[in-house]
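Quick note: residue numbers are just sequence positions, from 1. Quick caveat, the model's predicted, so the values are computed rather than measured.
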Amino acid sequence: MDTVTPDLMRRAVLQGLGASGLGALLSPRATFAAATAPHRIDIHSHIAPPEWIRSLTPEGVILPPLANWTIARHLDDMDGAGVATAITSMTSPGLWFGDPAVARPLARACNDYAAQLRADYPGRFGVFVVLPLPDIDGSLKELEYGLDVLKADGVCLFTSYGDKWLGDPAFDPVFAELNRRKTVVYTHPISANCCRNLVPGINDPSIEFGTDTTRAIARFVYSGSAARFPDVKLIFSHAGGTMPFLIERFDLLSRTPPYPQSLPAGFRSYARNFYYDTAQSSNAVALTALKAVVPTSHILFGTDYPFRTSLEHVEGLQKAGVFTAEEVRGIERDHALALLGRPR
């Protein structure tokens, strides 16, 4: 796809406003997962806009799955697994490299590209717009543009920014606006400043991504942000990271001063209100733990494409044996529809 220009952006806006959502779908290829018409909604699906790739290449941080991403490969993966619609988002390493003068236009370019993608393939893609946090003013402006002009399905945030996690008071102005708008906020883990390349031979995603998601959940709850911003609809990636396995410790912490007064209902009552996707977690161990902590209605289908395939997650979810056929149908589609209303 060509680089987004102002003319293309305007066309994306106009076409995006009239997009037909899930009604206009491309014909599926005949595979195991797509024996019937595509119906799945992928809530955790990444794109690699050309401007973003160019910004990462000099830094040497671009990963092969992102460098090799194309729309044709993305659609092939979706069709091969019966995925009707993918809600696109940005992934690690994000777009904040210390300079708001770089992050602001980069966020705009990425969001316009996602909107153009949605317009070019009606019904196949939704949009979670990315914000240039920790730049508060820039984020508020991009939030307004993304939701009011591009009509995005929600916002994409990372679990941490440098040495601050979601729930830090520094982010309160953005969360106040997200709360006012009752926004769906998809979150993706990233390597925090504290915890890069800690274990020789083990890459950060293998351990730190799940851990950083857990840090963000804990910070958001224990800082009081979950209580102060109850209308923000947060989605946490990868089945909530390590949170379900640490639930006993979090419950115990809730009974330790000062939390009995500030969080009288305890940690779990807030954790149950968040949403979680199945990306890189479509296995019996992770899903059994997650189901024990949160209602099934708050579990969403996700694939982490292009790092994993959609078919792996369809088959993993079915073979895990954790959910009934009705619950699987809800995870694959109905829960996302209830949360998003309808991908725009």
Side-chain angles (χ1 to χ4, degrees), residues 20-45 77-87 89 123-126 128 153-154 182 184-187 213 217 233-241 243-245 247 268-305 308-344:
S20 57
L22 298 179
L25 301 176
L26 300 180
S27 297
R29 291 172 173 81
T31 67
F32 161 77
T36 59
H39 66 278
R40 297 178 176 90
I41 300 174
D42 183 359
I43 212 77
H44 185 147
S45 189
D77 178 82
M78 292 168 63
D79 291 345
V83 175
T85 304
I87 314 299
S89 59
R124 301 313 306 272
F125 296 102
F128 286 143
D153 297 289
K182 298 179 171 58
V184 175
V185 177
Y186 159 86
T187 70
T213 292
I217 295 171
K233 302 174 181 67
L234 277 165
I235 303 170
F236 287 102
S237 297
H238 310 133
M243 181 275 292
F245 299 91
I247 192 63
R268 197 178 300 220
S269 66
Y270 294 102
R272 287 174 56 84
N273 287 332
F274 302 144
Y275 293 81
Y276 305 85
D277 72 45
T278 64
Q280 306 250 27
S281 306
S282 293
N283 63 80
V285 176
L287 294 177
T288 299
L290 182 63
K291 187 180 182 181
V293 177
V294 308
T296 302
S297 61
H298 281 221
I299 302 176
L300 309 166
F301 179 73
T303 69
D304 215 345
Y305 184 84
R308 296 283 298 278
T309 70
S310 299
L311 188 57
E312 285 179 294
H313 289 81
V314 171
E315 293 177 338
L317 184 60
Q318 292 172 346
K319 292 177 181 178
V322 177
F323 304 103
T324 66
E326 183 179 357
E327 288 173 330
V328 169
R329 174 79 182 194
I331 291 168
E332 290 183 334
R333 177 182 176 87
D334 297 340
H335 302 165
L337 285 178
L339 175 63
L340 298 173
R342 182 183 185 91
R344 299 176 188 270

(message) Give me the atom names and distance for the closest heavy-atom approach of Gly240 to Thr213.
(response) C-CG2, 3.7 Å

(request) Using modelled atom types only, decide if a donor and an acceptor are shared between the side chain of His335 and the backbone of Leu300 within a distance under 3.5 Å. (result) no

(request) Mind running salt bridge (charged side-chain N to carboxylate O under 4.0 Å, His left out) on Arg308 and Asp77 for me, showing each step along the way? (result) CA-CA 10 Å; Arg308 296 283 298 278; Asp77 178 82; over 6 Å; no

(request) Indicate yes or no: at least one non-hydrogen side-chain atom of Val294 is less than 4.5 angstrom from one of Phe274. (result) no

(message) We want to know whether His313 and Asp304 form a side-chain donor-acceptor pair, criterion being a heavy-atom distance below 3.5 angstrom.
(response) no

(message) So Met243 and Tyr276, do their side chains get closer than 4.5 Å, heavy atoms only?
(response) yes

(message) Tell me the closest heavy-atom pair linking Ala239 and Pro244, and the distance in Å.
(response) O-CG, 3.5 Å

(request) Determine whether Leu317 and Leu287 make a side-chain contact, defined as any pair of heavy atoms from C-beta on separated by less than 4.5 Å. (result) yes

(message) I'd like to know if the side chain of Ser45 reaches the main chain of Ile87, judged simply by a donor and an acceptor atom lying under 3.5 Å from each other, with no hydrogens or angles considered.
(response) no

(request) Please confirm whether the backbone N or O of Ala81 pairs with a side-chain atom of Arg40, one donor and one acceptor, at under 3.5 Å? (result) yes

(request) Decide if the gap between the ring center of Tyr186 and the ring center of His44 is smaller than 6.0 angstrom. (result) yes

(request) For Val322 and Glu327, work out which heavy atoms get closest and say how close. (result) O-OE1, 4.3 Å

(message) With rounding to the nearest 0.5 angstrom, report the CZ to CG distance, Arg329 to Asp334.
(response) 6.0 Å

(message) Closer than 3.5 angstrom, by distance alone: can the side chain of Ser237 be matched with the main-chain N or O of Thr187 as a donor-acceptor pair?
(response) yes

(message) Could you tell me if the side chain of Ile299 sits less than 4.5 Å from the side chain of Phe323, heavy atoms only?
(response) yes

(message) I'd like to know if the side chain of Asp277 reaches the main chain of His238, judged simply by a donor and an acceptor atom lying under 3.5 Å from each other, with no hydrogens or angles considered.
(response) yes

(message) Can you confirm whether Met78 sits close enough to Asp42 that some side-chain heavy atom of one is under 4.5 Å from a side-chain heavy atom of the other?
(response) no

(message) Testing the basics here: between Phe301 and Ser310, what is the closest heavy-atom pair and its distance to 0.1 Å?
(response) CZ-O, 4.2 Å

(request) Check Ala336 against Ile41 and note the closest heavy-atom contact, atom names and distance. (result) CB-CG2, 3.9 Å

(request) Would you mind reporting whether Asp153 and Phe128 have side-chain heavy atoms less than 4.5 Å apart? (result) yes

(message) Nearest 0.5 angstrom please: Lys319 NZ to Ser282 OG, how far?
(response) 12.0 Å

(request) Check whether any side-chain heavy atom of Ile235 lies under 4.5 Å from a side-chain heavy atom of Leu339, and answer yes or no. (result) yes

(request) Could you check Tyr270 against Leu234 for side-chain contact (heavy atoms from CB on, under 4.5 Å), going step by step and ending with a plain yes or no? (result) CA-CA 11 Å; Tyr270 294 102; Leu234 277 165; over 6 Å; no

(request) Using atom types as modelled and distance alone, determine if a side-chain donor or acceptor of Arg124 lies under 3.5 Å from a backbone N or O of Ala84. (result) yes

